[in-house]
Structure formats: C-alpha cells, structure tokens
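Okay, so here's the structure we're looking at.
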Number of protein chains: 2
Amino acid sequence: MSIAAFAEQAVTSADKTFLQLRVDIVEGAIPAGSKLSETELSTKYQVSRAVIREAINRLESCHLVERKANVGARIVSLTPEGLIQLYQVREALEGMAARLAAKNMSDEEIADLTALLDNHFQTVKGGESYYQEAGDLDFHYRIILGSKNQHLIEVLVNGIYHLIRMYRVQLGMAGPRVTTAFDEHKHVVQAIANRDEELAEMLMRRHILYSKNNIERKLLQS
Amino acid sequence: MSIAAFAEQAVTSADKTFLQLRVDIVEGAIPAGSKLSETELSTKYQVSRAVIREAINRLESCHLVERKANVGARIVSLTPEGLIQLYQVREALEGMAARLAAKNMSDEEIADLTALLDNHFQTVKGGESYYQEAGDLDFHYRIILGSKNQHLIEVLVNGIYHLIRMYRVQLGMAGPRVTTAFDEHKHVVQAIANRDEELAEMLMRRHILYSKNNIERKLLQS
DNA sequence: AACGCCTATATTGTCGACATAATTTCTAAT
DNA sequence: ATTAGAAATTATGTCGACAATATAGGCGTT
C-alpha cells in the first residue's frame, strides 16, 4: 500500500486544481508566505475563479494557506516554532495511533508490517539509502491506518503530513534520520505485535521526539 | 474569557451562513445524516448558492459534513464508535495540551485558571449545577489555549469540540460528569502550577479517559 | 517635507445562468 | 410482472459579470 492509495482520485475540476496547487505549494514551486491571487491562478491553471476559490478553501482546511476576508489568501509562512509545534501534535497523535494499532491491527496487517520492515532493512543494509523516505512514510502510514480511527487518520494524513513534507522540502532537510530510525521502527512493531499498547505508544512518542530533537539541532545550525 | 472570544466575528455573508449552519447542525435543527441541498439552503437562508457552497466547504473542514462529488453533502451520521474515536483523539491532544500548558502558561494565566476553578467550585457547592458545562468548557479551553500550540488549538477548538457538542446535544447527554470532575480539574491545575509537565499530561488524559468510560456506559444503557 | 484625505485601481465577495453529471420516471420488451 | 433502457428531471459543477471592500497613488493642506 503506497501513499497513492490515500489519494482519492480527482473527479471534478476543483479536485484536480486543488491537488495540483497542493503539490506546487508543498514542493515550493509557489514559495511559502506568498500571496495567492485568484485571478492570477485562474489564468495560470486555465479554470474559472470559482474553481480556484474552492481549491483555496480546501488548501485552507489543510492549513497550507491562510485566508483573510476581503484581502485574500497567503501560503503559510514557515517558522522553526511552527515545525516544532507540528511535531508536538504529531507526537501526541501518532503515539495514540500506535496504541490503537496495537489493539486494532489484524494479525495479517502486523505480519505485513513486519515484512515491510525486514524488506526495508535489507535495502538499506545494501547501502541504497535513497529509499529511506518512502520507507519511513510507509511505516508511519500503516500504523496510522492501523489505528482504525477515522479522525486520527484524517488529521494526520490529510493535514499534518503535507505540512511536514512542505517543511522538509523547503527547509532543505533530506528525509528522516537513517541510522537509528530502523531500530526504533523495529521496536515499535515488536510492541504492536505483542499487543502492548502502552509500550507501543511510548516507543512511537520517543521515536518522534528524537526526530524533533534532530530537527531542532539542524535548525539551530543554520 | 468566554467561548465567544474564540468566535472570530463573521464579516462576509459566507461567514454568517457558515456559523448559522454550524449552530443548526450542532444543535440538531438539521438532523444528523440528512442531506444538505444547496438550492434548498440558498432559499432558506436567502443567499446565493455560491455562499452556501462556501459554507458547506467550511463545514466539511470541521468534519461536520461529508461531500461526494456530483452527489452532494450530508451531515455526518453519529455512531457510538465515532464518539469513542473522538475521545481517543481528544485524550491524545488535550493530554499534550496540558503538558505544554505546564511549560508555556504564564504565572498570571495559571493564577487566573486557579481563580476560575475556585469560583466554579463555589457555585457548584451552592447547588447551582446548571453552570457546569460552561465551567467545564472554560477549564478545557484555557488549557488548550495555554499550550500556545497553534495546530493543537485549531484542531481542538474549531474541529473536535463542535463535533463533541453535536454528539452531546443529539444523543441527549447532559453536560459532563459533575461530581468527580472537579477534583480531577483541580489536580490538573495543581500539576500545571507546579510546572510538572508529565503529571499534567497524565492527569488530563485520565480525566478524559474517565469521561469516555462514563459515556460508553451511557451508550450501552440505551 | 510630512501628514491626511480623496480618488482610482485592483482584488475579493456575491450573484444568476449555463453545463454536466446523477437520479428518477416512463416506456417497452421479455 | 419484472427488468432493461432511454428520456426527463433534478442536483451539483463551472462560468462570466457585477458589487463591495481594500489597497495604492495623487492631491492638497499644514
């Protein structure tokens, strides 16, 4: 199961425009903090202003843009505090996700997750570290989905993860930590396999906390 | 500071329609699970369909309605599992909020919070229990705001709390537990005053967990 | 020269109409 | 009578135009 599995396909024109805009924003094609002019975008994407407005509305609900009445929409500006706060929310939510996953994942799902990790371990042992980010995402997504909690899934997959990716791309942070993250992932999965909710949550929180500390260090460097 | 302090005043017509619709949905004037016809609503609220569409879009980002392309929008249907899942998210987020509040609230804010609790205690000791829900909300809102975490505040205040209120109203649950909740609130505030992040989070999580258990019991009764 | 006010411009908000997709209803054939 | 298909209807999606608000620039005054 890849990330694409979560992308409900776009049927309407507003859907496509929204998805396109989201990519352009997250990947930095439209720089953070810049203003989103409706007329400008409508000519650029060859759709009416109504479509653009709808797309912007959805971007706002992802917390990727901020709107002010009668003024317009701006892409959110990236601040170190913002990223830290994002990781605090992520720690809380993914910790709970791991707890719920330990309770709610099926044995088969857990087996798949274990297999994924083994697979991931093999590729990285071979030095192919370019695969790291996708692997990391797969790990986290599976546990989030494994929680079977609709609200949790929604907030994380449609909201926080795009924002985090935006930070990663635009602050020039290459993927997650490679070296130690494997063991942390492995221990989380073991806890889930043991149906140890308490430990699964604690380990996931630690894992994300370490990421946060790692990022804070990088932010202070620059 | 009351709940009204969070309601950014509506400037545009879509704002007002959104707020009105949200009240009508949460309070049950429009029953859960029912379809939201754009044309119907536009005549009912005396605004154009564009305004209704924008309002519905915002309701969707609150998770109060669900839209399907080329079909329309429905108010979310209330299920016991949905409420339980909501409380799981709430436990994770408000636990983190209490932790952050213990770190980030100013001494003055903590003093105010303590005063509020004393006040609340006096009124309830006098048997005026009708004030309970507002008091409970005030307590939780202050801690959420005290976290100083924008994402946390957004998700809880603009998202989850309206949904929970919708459940409360429509499943006919009178406010929160009265008897034991005070002590739990008091202990949370004490932990925050002591700047004990760990304990503050744990106590808040317990507090919400108890609420969840209480609700589960009520749900099983009916 | 600096400040305030007023006009001009551009952008967002709102509207009604048309295009398109989904649903319902009617018809016809088995 | 039931079902499949097509026409009619209703709803959502999209568009261009107008209205209202905010911003920018120019003008006059102190």
Side-chain angles (χ1 to χ4, degrees), chain A residues 7-25 29-77 154 158, chain B residues 7-25 29-77 154 158:
Chain A
E8 333 137 6
Q9 61 193 12
V11 13
T12 167
S13 175
D15 290 340
K16 294 167 196 154
T17 309
F18 162 65
L19 291 177
Q20 183 62 50
L21 260 174
R22 191 172 65 181
V23 170
D24 291 348
I25 290 172
I30 307 175
S34 62
K35 187 172 186 318
L36 290 177
S37 164
E38 294 180 0
T39 53
E40 188 182 325
L41 292 175
S42 83
T43 59
K44 181 177 175 184
Y45 291 93
Q46 292 293 316
V47 289
S48 80
R49 263 186 61 220
V51 172
I52 295 291
R53 279 176 71 82
E54 175 137 358
I56 289 180
N57 275 331
R58 297 197 209 169
L59 289 171
E60 191 186 13
S61 54
C62 302
H63 307 289
L64 285 171
V65 315
E66 289 168 349
R67 275 182 66 186
K68 268 201 300 188
N70 290 315
V71 173
R74 308 192 75 86
I75 301 181
V76 294
S77 40
E154 234 285 318
N158 291 331
Chain B
E8 335 135 9
Q9 61 192 14
V11 13
T12 167
S13 174
D15 290 339
K16 293 167 197 158
T17 308
F18 161 65
L19 292 177
Q20 183 63 49
L21 260 173
R22 191 173 64 183
V23 170
D24 290 349
I25 291 172
I30 307 174
S34 61
K35 188 173 186 314
L36 290 177
S37 164
E38 295 181 359
T39 53
E40 188 182 327
L41 292 175
S42 82
T43 59
K44 180 176 175 185
Y45 291 94
Q46 292 293 316
V47 289
S48 80
R49 262 187 61 221
V51 171
I52 294 292
R53 277 177 72 82
E54 174 137 359
I56 289 180
N57 275 330
R58 297 198 208 167
L59 289 171
E60 191 186 13
S61 55
C62 300
H63 307 289
L64 286 172
V65 315
E66 288 168 350
R67 276 182 65 187
K68 269 201 299 188
N70 289 316
V71 174
R74 308 192 75 86
I75 300 183
V76 295
S77 41
E154 235 284 318
N158 292 331

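Letters go in sequence order (proteins before strands), and every chain restarts at 1. Scope of the values below: all heavy atoms of this structure, side chains included, with no hydrogens, waters or symmetry mates.
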Listing time: all N or O pairs from protein to nucleotides 14-17 of chain C that are below 3.5 Å?
from: dT14(C); atom 1: OP1; to: T12(B); atom 2: OG1; distance (Å): 2.5
from: dT14(C); atom 1: OP1; to: S13(B); atom 2: N; distance (Å): 2.4
from: dT14(C); atom 1: OP1; to: A14(B); atom 2: N; distance (Å): 3.4
from: dT14(C); atom 1: OP2; to: T12(B); atom 2: OG1; distance (Å): 2.9
from: dC15(C); atom 1: OP2; to: S48(B); atom 2: N; distance (Å): 2.8
from: dC15(C); atom 1: OP2; to: S48(B); atom 2: OG; distance (Å): 2.9

Whole-Å gap separating [atom2] ([N]) and [atom1] ([X]):
{"X": "N57(B)", "N": "dG13(C)", "atom1": "CG", "atom2": "P", "answer": "13 Å"}
{"X": "I52(B)", "N": "dT14(D)", "atom1": "CD1", "atom2": "P", "answer": "18 Å"}
{"X": "K16(B)", "N": "dG13(C)", "atom1": "NZ", "atom2": "C1'", "answer": "12 Å"}
{"X": "Y45(A)", "N": "dT14(D)", "atom1": "OH", "atom2": "P", "answer": "16 Å"}
{"X": "R74(A)", "N": "dA22(D)", "atom1": "CZ", "atom2": "C1'", "answer": "14 Å"}
{"X": "I56(B)", "N": "dG13(D)", "atom1": "CD1", "atom2": "C1'", "answer": "13 Å"}
{"X": "K68(B)", "N": "dA11(D)", "atom1": "NZ", "atom2": "C1'", "answer": "14 Å"}

Could you check whether any side-chain heavy atom of [X] comes within less than 4.5 Å of a side-chain heavy atom of [Y], counting everything from C-beta outward?
{"X": "I30(B)", "Y": "L21(B)", "result": "yes"}
{"X": "V51(B)", "Y": "Y45(B)", "result": "no"}
{"X": "I56(B)", "Y": "E38(B)", "result": "yes"}
{"X": "I52(B)", "Y": "L36(B)", "result": "no"}

For nucleotides 9-11 of chain C, tabulate all protein N/O to nucleotide N/O atom pairs closer than 3.5 Å, reporting atom names and distance.
none

Please answer whether the main-chain N or O of [Y] pairs with a side-chain N or O of [X] as donor and acceptor at a distance below 3.5 Å.
{"X": "R67(B)", "Y": "A73(B)", "answer": "no"}
{"X": "R74(B)", "Y": "E66(B)", "answer": "no"}
{"X": "Q46(B)", "Y": "T43(B)", "answer": "yes"}

**OP:** Walk me through it: do E40(A) and K35(A) pass the test salt bridge (Lys or Arg N to Asp or Glu O under 4.0 Å)?
**Re:** CA-CA 10 Å; E40(A) 188 182 325; K35(A) 187 172 186 318; over 6 Å; no
